[in-house]
Amino acid sequence: MKERYNPHEIEEKWQSRWTESKIFQPEPDSREKFFITIPYPYLNGNLHAGHTRTFTIGDVVARYKRMLGYNVLFPMGFHATGTPIVGLAEQIHKKDPETIRVYNKLHEIPLEVLDTIQTPEQIVEYFSIQAEAAMKIIGFSIDWRRRFTTTDPHYKKFITWQFNLLHSMNKVVKGSHPVRWCPNDENPVEDHDILRGEDATIIDYTLIKFKLSDDLLPCATLRPETVFGVTNLWVNPKIVHVRVKVNGESWIVSREAYEKLRFTDKKVELIAEVKGDELIGKKVTNPVTNSSVLILPASFVSPDNGSGIVMSVPAHAPYDHLALRDLKGADLTKYGINEDVSSIPLISLIKVPEYGKYPAVDAVKELKVKDQNDPKAEEATKLVYRREFHGGVLTETTGKYAGMAVSKIKDVLTRDLIEKGVADVFYEFSESPVVCRCGATCVIKMVENQWFLNYSEPSWKEQVYTCLKNMNIIPPEIRVDFENKVDWLKDKACARRKGLGTRLPWDTAWMIESLGDSTIYMSYYIIAKYLDKFTPEQLKEEFFNYCLMGKGTPESVSEKTGIGVDVIRRIRSDFEYWYPVDLRTSGKDLIPNHLLFFLFHHVAIFPEMYWPRAIAINGFVSLEGQKMSKSKGPILTLRSAVKEYGADVTRLYILSSAEHVQDADWRKADVESTSKQVERFYKLAYDIIKSEDTGEIKLIDKWMLSRLQYRIRETADALNRMQTRRAVQNAFYMLMNDMKWYERRGGRAACKQILNTWVRLMAPFTPHICEEIGEEMGIDMVSLARFPVADAALTDKGAELSEEIIANTLRDMEEIIRLIRIKPKRIVLYTSAEWKKQVLKKAIAMKKDNALDMKTLMNTLMGDPAMRTYGKDIPKFAQKIITDIQGMEPDLMDALLDVDFDEVSALNEAREFISGVVECNIEIYSADAPGYDPQNKSRFASPMRPAIYIE
RNA sequence: GCGGAGGUAGCCAAGUGGUCAAAGGCGGCAGCCUCAAGAGCUGCUCUCGCAGGAGUUCGAGGGUUCAAGUCCCUUCCUCCGCACCA
């Protein structure tokens, strides 16, 4: 150990020592195992501060568990399947200036190296090497024998096996799905390809088909239940409609709607134009209620929205009510309508607490909406919809649906109506236009014959719920997130045309989508160690069936694959030992996707005993308050952070900057201060090791050892809950502060003992520096040493109380001196009179019996003849004590009750120290016998709070 | 719209109904050390106070309680996810 702290030298030394001694390459043994995994990083860039955080948290847990005596497996792989790497290769190849800039400047890749990574394969190769190197220089305790990349031929065999299995279980099915589509590029549009309208989502309307002789007039609605309250349809006389053949039916819709229909999975053929006013005045049949209703003119109907034909529900839709009212007295004879349409009776179908029978009418009155062109009409609509959605219940008008909550009806009713053949689904953007990067306006296209993982299957979800119920979710608050997302998850398209990956074995035109191939790969880590023993071709389905599922026999697998029986047996027993995953720790961005699929696939494929045990989530990292971006910057790579500050400092900082799902912020000023603290720790350790042993244990040593036990307990408790910030704060910063006080108070005797514990306490966070110090202290390998356990025998409440009195008294003295601004010539301290201590103890005892009140306390006290001497002072003091005790921690109460220490001697032990600080001699008396007390200050002395006289 | 997380001092942030005027850190100020700078150490950092005290604070407004940053209601604001994209 050198006098000067040189992080890079120490870190390199210990990293190579760890590698040489293979201590992070576990094999099954008699110990209890702990299998921790972290989602492998995607290889379209260098690892950055966000990875640093997630992986460091994982490494801390791995190291902590190892020091608790677990046999820990912490493996790592790399993710490369999907489209981004292919896209990146294209960008680099065509020397896109922005891409070159970002990868050169932010990902720190030299230009000449960029020239050599122009294909997806080269990119994967390059970044995987970089990533492994980065994880090594920061000291992660990973078993690198198990490393793999998702584009490896062996891995593809594993994915092929998995998908064949899922297919045979009917978990992969064919279907259609709406996607954002660019008609110009003839491709689905991804998020980053959108120029305008990136917030638009796809909304599914229910299309209800009203009948007009041979034609159907479809009306799009988000609230299909209102079909029971339709009084008429609305058609805008000014817009052009068209008659189209849709799957053999004759529909009349707006021209715009026709354009949208062309991209759906329906067969659409344009027949003729139909003017709006030709329709008005005709009667159509409501396909649900069979009632006959009139088509009326309305200006608010837009051709862009839905089908361009709207059903009117004046009882519940303010616009409909207003439009009808606006027609009062209008001359509609040119449409052949002679009746007064404004008197069409309203049909109520929803009961809601805020309104009467006709919510739309009430809302229009409430907001004083004038007519359908009044902007307040929109407001009224939103209000009614919101209230009906949340609090509305369907009435008898809706027949068998009566009594259902409005919020639950949509899916049920839509399904029923589609089954009856009177409705369809119509997709629409939530806002428009949505514009592609190429400039074209996007549409919604039905992708047909797509392969789906049918996550929506209720029995599958049920299993996931069961799994979740038995899992430890860290932090516990996010459990509800998982439950909600499981509920929300629909079927997921799992195949696509482009990108890297594995082909769907039974339909090789498709590539397995990259989230689908990353679900149960934790089990592959067990196999990955043996890859040099066989070729990809040998990895037949029987191999996986046996090794991962226990199906078949080693002999039959061996015969089929040519792999030795011993190896096959070995892999199976490895699997049985290591599985399930004990902890998966991840960034919060993966909750609604990867982590969910991780659970779905595990419950589908493995028996319950191999389902995951725990998931821990952490937040992102920003840079000086700015969000990081892989593709635009700013970004801080793991490598550059370690280069600048060293691995231990980087780790310690990132761990201490935020807790759990909270986002961390990387601030240069703070990192530098962490760096100084670590250096200080090193120097302190160096000095302690080089110092002579000094025998006698004094009060202050007892105090320090007692604090240390407290820090150990706090650190362990924090680590058990994966609160790395709290753990680091106790194990490092608080303990450092304790040490400062200890040193200041002249403590020395316990230094070596403390340091020995301290390096083990800190080892999960800053392993290199701890190894370096540990080596000097004769600890063989700190990474394998036992994590400290708090020793109850070293907890010394008396010492802590004494030290507290000293610190409090000193603080009081300094405050007085500061206030009166004199240089003290004489300072006298008076500790509490004995009777006050007795009062305090009595009061605490009563409090513990829950019997503390002024009257009882006074009675007890006055019953004691010895006390009565102080009769007139007692009530006031007792009152004060009662208030003090109200909020007192039980621990402190116990201490005050149990411990009988002498305040005078406690202060005397620190007399020299206190004198030194205030630069004045100190005299100490008990208030029972004040030697010198000109102002009778001693009467203010109370337990734990000596009185002070300064002149 | 749906679902989730938040609003605490100049900034970041901890905070279990009572040691909360509120941990820790950053920044700032002062002192010590030094030829000096840096580092380190010590103290201060809501307001007032020449005796250890008092007053006003935790987005805003109500309420429950002997006691509220913490519990309840209302309200304002911010951030995140909503899919075929890793």
Side-chain angles (χ1 to χ4, degrees), chain A residues 39 41-42 44 79-85 177-180 188-193 199 201-203 222 382 385-386 389 407 430 447 450 452-453 477-478 480-481 483-485 487-496 499 513-516 518 588-594 596 619-620 625 627 630 656-659 661-665 667-674 676-677 679-680 683 723 725-726 728-730 733-734 737 740 743-744 804 808-809 811-822 883-889 892 917 935 937 940 944-950:
Chain A
Y42 191 74
N44 65 341
H79 193 199
T81 38
T83 52
I85 288 175
H177 193 74
V179 296
R180 284 184 303 218
V189 184
E190 292 167 14
D191 271 347
H192 56 267
D193 286 333
D199 290 337
T201 52
I202 297 176
I203 296 179
L222 286 170
K382 282 194 175 145
Y385 276 29
R386 193 166 56 230
F389 184 82
S407 55
S430 62
V447 177
Q450 164 82 282
F452 288 87
L453 282 156
E477 308 91 80
I478 56 162
V480 60
D481 272 293
E483 285 167 352
N484 286 341
K485 300 294 182 197
D487 195 36
W488 153 92
L489 194 65
K490 296 183 186 147
D491 288 356
K492 163 125 176 60
C494 64
R496 49 183 302 145
E513 190 270 331
S514 69
L515 284 171
S518 317
K588 62 185 175 187
D589 50 326
L590 299 185
I591 297 174
N593 43 70
H594 163 71
L596 227 45
F620 305 133
K627 213 175 150 175
K630 242 183 188 178
S656 64
S657 58
E659 202 92 286
V661 288
Q662 209 169 51
D663 291 345
D665 192 26
R667 301 169 171 218
K668 214 170 157 53
D670 290 9
V671 187
E672 271 157 19
S673 132
T674 302
K676 281 172 196 158
Q677 292 274 36
E679 208 175 316
R680 187 192 149 78
K683 198 171 155 2
Q723 295 170 322
R725 182 198 177 107
R726 184 174 148 231
V728 164
Q729 210 144 73
N730 277 282
Y733 292 101
M734 303 280 195
N737 284 343
K740 277 185 196 168
E743 268 192 299
R744 207 179 149 200
E804 201 175 319
N808 286 345
T809 308
R811 197 179 326 113
D812 283 349
M813 285 160 66
E814 288 185 305
E815 188 176 350
I816 294 166
I817 292 166
R818 189 166 48 81
L819 279 173
I820 61 179
R821 290 187 199 130
I822 59 163
T883 328
D884 283 355
I885 288 178
Q886 282 313 328
M888 202 176 270
E889 281 173 11
L892 182 55
V917 175
Q935 290 185 9
K937 289 282 182 192
F940 295 121
M944 295 299 291
R945 199 86 200 266
I948 299 165
Y949 170 70
I950 298 178

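Owing to the predicted nature of the structure, the values given are computational and were not obtained by experimental measurement. Lettering follows sequence order; numbering is per chain, from 1.
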Please list, for nucleotides 45-51 of chain B, all pairs of protein and nucleotide N/O atoms separated by less than 3.5 Å.
{"residue": "rC50(B)", "atom": "O4'", "partner": "L819(A)", "partner atom": "O", "Å": "2.7"}
{"residue": "rA51(B)", "atom": "N6", "partner": "I950(A)", "partner atom": "N", "Å": "3.4"}
{"residue": "rA51(B)", "atom": "N6", "partner": "I950(A)", "partner atom": "O", "Å": "2.4"}
{"residue": "rA51(B)", "atom": "N1", "partner": "I948(A)", "partner atom": "O", "Å": "3.4"}
{"residue": "rA51(B)", "atom": "N1", "partner": "I950(A)", "partner atom": "N", "Å": "3.1"}

Take atom CG of L596(A) and atom C1' of rG81(B), then tell me their distance rounded to the nearest Å. 12 Å
The Watson-Crick or G-U wobble partner of rA60(B), with both key distances under 3.5 Å, is rU74(B)
Nearest-nucleotide check on RNA chain B, T809(A) vs K627(A); residue mapping nearer the 5' end is T809(A)
What interatomic distance, in whole Å, is found between P of rG61(B) and the corresponding atom of rU70(B)? 13 Å
For rA14(B), does either OP1 or OP2 sit under 4.0 Å from a side-chain N or O belonging to Q662(A)? yes
Measure CG/L590(A) against C1'/rA86(B) and give the value in whole Å, please. 9 Å
Tell which nucleotide pairs with rA9(B), taking only Watson-Crick or G-U wobble pairs whose two distances are both under 3.5 angstrom. none
Once you round it to whole Å, what is the distance between P of rG24(B) and CD of Q677(A)? 13 Å
So, are E672(A) and K676(A) salt-bridged, with charged N and O less than 4.0 Å apart? no
Which nucleotide wins on minimum distance to the side chain of F940(A), given the candidates rA23(B), rA83(B), rG52(B)? rG52(B)
Pick the nucleotide of RNA chain B nearest each of A80(A) and I202(A); which residue has the one closer to the 5' end? I202(A)
On a whole-Å scale, what distance lies between the C1' atoms belonging to rC12(B) and rG28(B)? 15 Å
Have a look at H177(A) and say if it touches a base, only the backbone sugar-phosphate, or nothing, with a 4.0 Å heavy-atom cut-off. base
Considering every strand and a 4.0 Å limit on heavy-atom distances, what is the contact class for R725(A): base, sugar-phosphate, or nothing? base
Residue matched to rU65(B) through Watson-Crick or wobble contacts both under 3.5 angstrom: none
If you measure from the P atom in rG81(B) to the same atom in rC71(B), how many Å do you get, rounded? 27 Å
rA86(B) phosphate, OP1 or OP2, under 4.0 Å from R496(A) side-chain N/O: yes
Say you pick atom P in rC11(B) and the same atom in rG63(B); how far apart are they, in whole Å? 30 Å
Distance between C1' atoms of rC79(B) and rC72(B) (Å, rounded): 25 Å
So among H594(A), E513(A), H79(A), which one has a side-chain hydrogen bond (donor to acceptor under 3.5 Å, both in side chains) with S518(A)? H79(A)
For R680(A) and rC41(B), is the shortest distance between a side-chain N/O and OP1 or OP2 below 4.0 Å? yes
Can you list the residues that meet the side-chain hydrogen bond (donor to acceptor under 3.5 Å, both in side chains) rule with R818(A), with sequence neighbours excluded? none
Nearest-Å distance, CG (D670(A)) to P (rG27(B))? 7 Å
Name the nucleic acid region contacted by P946(A), choosing base, sugar-phosphate or nothing; use a 4.0 angstrom heavy-atom cut-off, strictly under. base
Measure CZ/R667(A) against P/rG27(B) and give the value in whole Å, please. 10 Å
Measuring only the C1' atom in each nucleotide, how far is rA22(B) from rC33(B)? A whole number of Å is fine. 33 Å
Can a side chain N or O of R180(A) be found less than 4.0 Å away from OP1 or OP2 on rC84(B)? yes
Are any non-hydrogen side-chain atoms of H177(A) and K490(A) less than 4.5 angstrom apart? no
Sort out the partner of rC79(B) for me: Watson-Crick or G-U wobble, both distances under 3.5 Å, none otherwise. rG4(B)
Distance below 4.0 Å between K740(A) side-chain N/O and rC41(B) OP1 or OP2: yes
For a quick test of reading the model: is some side-chain N or O of S673(A) closer than 4.0 Å to OP1 or OP2 of rG25(B)? no
Within a strict 4.5 Å, meaning less than it, do heavy atoms of the K588(A) and D481(A) side chains meet? no
Please classify the nucleic acid contact of D481(A) as base, sugar-phosphate, or nothing, using heavy-atom distances under 4.0 Å. sugar-phosphate
In whole Å, measure the gap between the C1' atoms of rU75(B) and rG31(B) for me. 49 Å
Would you mind reporting whether Y42(A) and S514(A) have side-chain heavy atoms less than 4.5 Å apart? no
Which part of the nucleic acid, if any, lies within reach of A947(A) when heavy atoms closer than 4.0 Å are counted: base, sugar-phosphate only, or nothing? base
Is the phosphate of rC85(B) approached by T83(A) (side-chain N or O, under 4.0 Å from OP1 or OP2)? no
Check the distance between rG81(B)'s P and D589(A)'s CG and give it to me in whole angstrom. 9 Å
Are K588(A) and rG81(B) close enough that a side-chain N or O sits under 4.0 Å from OP1 or OP2? no
Any base atoms under 4.0 Å from N44(A), or only sugar-phosphate, or nothing? Heavy atoms, all strands. nothing
rC85(B) pairs with, by Watson-Crick or G-U criteria that keep both distances under 3.5 Å: none
Send over the distance from F620(A) CZ to rG4(B) C1', rounded to a whole Å. 13 Å
Tell which nucleotide pairs with rG31(B), taking only Watson-Crick or G-U wobble pairs whose two distances are both under 3.5 angstrom. rC41(B)
Output yes when D663(A) and K627(A) qualify as a salt bridge under the 4.0 Å nitrogen-oxygen rule, no when they do not. no
Using 0.5 Å steps for rounding, measure from the NZ atom of K740(A) to the CZ atom of R680(A). 5.0 Å
Are side-chain heavy atoms of I948(A) and F940(A) found at a separation under 4.5 Å? no
By the Watson-Crick or G-U definition, both distances under 3.5 Å, rC50(B) is matched with none
Determine whether N593(A) and K492(A) make a side-chain contact, defined as any pair of heavy atoms from C-beta on separated by less than 4.5 Å. no
Applying a 4.0 Å non-hydrogen cut-off, can you work out what Q729(A) is touching in the nucleic acid: base, sugar-phosphate, or nothing? base
For atom CG of D487(A) and atom P of rG81(B), their distance in whole Å: 21 Å
Can you find a heavy atom in the side chain of Y733(A) that is under 4.5 Å from one in the side chain of T674(A)? yes
For rG4(B) and rG53(B), measure between their P atoms and round to the nearest Å. 46 Å
Complement of rU16(B), any strand, by Watson-Crick or G-U distances under 3.5 angstrom: none
